[in-house]
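The structure under discussion appears below in the form of structure tokens.
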Amino acid sequence: MRLRERDKREIWVSALTGMHDDVYTWGNAVPIRAALYPLEQVITSAVYGDTVKQQYLLLYDGKEKLCAGMGVSLDGGTPAYRIVKAEGWSHVRAVIERIPEGRRA
């Protein structure tokens, strides 16, 4: 499957540099052009009830290396999503999910 240029948009990815007081800290953001598609909502069981995770499918065919744990920002600010898993084929197929408000830096 080839990615169409019309489906791509500019997003920013950042490497995870660590955690401080349960808040993620990120490195410098790098802009890439990738396609982003919504996935079905995933319901997971938590201690105090069920939670709904907002997930997207990210398709990327550039030269930057994407791996699990990297932060993804859709507007160039602080990453609001993180890569859960990334698989490399002719392009990278990654699943990203929303970071809870209290864990963003």
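N28 pairs by the side-chain hydrogen bond (donor to acceptor under 3.5 Å, both in side chains) definition with nothing, not counting sequence neighbours. Residues passing the salt bridge (Lys or Arg N to Asp or Glu O under 4.0 Å) test with R9: none are found, sequence neighbours excluded. Checked against ring pair (Phe, Tyr, Trp, His ring centres under 6.0 Å), Y60 has no partners two or more places apart in sequence or in another chain.
Side-chain atoms of V72 and I83, non-hydrogen and from C-beta on, do get closer than 4.5 Å to each other. Residues V92 and E87 form no side-chain contact, since every pair of their non-hydrogen atoms from C-beta on lies 4.5 Å or further apart. Counting heavy atoms from C-beta outward, R82 and I96 have side chains that stay 4.5 Å or more apart.
Distance check, rounded to the nearest 0.5 Å: CG of L59 to NE2 of H91 gives 4.5 Å. In this structure, I11 CD1 and I32 CD1 are separated by 4.0 Å, a value rounded to the nearest 0.5 Å. The line from NZ of K85 to CD of E97 is 11.5 Å long, rounded to the nearest 0.5 Å. How far NE2 of H20 is from OG1 of T25: 9.0 Å, rounded to the nearest 0.5 Å.
Between R33 and D61 there is no salt bridge, since none of the side-chain N atoms of the basic residue sits less than 4.0 Å from a carboxylate O of the acidic one.
G27 approaches T17 most closely through the heavy-atom pair N-CG2, 3.5 Å.
Follow the hydrophobic side-chain contacts under 4.5 Å out from V84 and you never reach L57; the two are in separate clusters.
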*With side-chain contact (heavy atoms from CB on, under 4.5 Å) as the test, would you mind laying out the steps for L66 and L58 before giving the verdict?*
CA-CA 10 Å; L66 301 182; L58 183 139; 3.7 Å; yes
_Intermediate values then yes/no, side-chain contact (heavy atoms from CB on, under 4.5 Å), L16 and M70_ = CA-CA 6 Å; L16 179 66; M70 293 182 83; over 6 Å; no
_Could you go through Y56 and Y81, starting from their C-alpha distance and side-chain angles, then the distance that decides it, and tell me whether this counts as ring pair (Phe, Tyr, Trp, His ring centres under 6.0 Å)?_
CA-CA 9 Å; Y56 290 94; Y81 297 88; 5.6 Å; yes
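Not one N or O on the side chain of S14 forms a donor-acceptor pair closer than 3.5 Å with the backbone of W26. In this structure, the side chain of S73 does not engage the main chain of W12 through any donor-acceptor pair within 3.5 Å. Side chain of D21 to main chain of V23: no donor-acceptor pair is present (N/O by atom type, distance under 3.5 Å, no hydrogens or angles).
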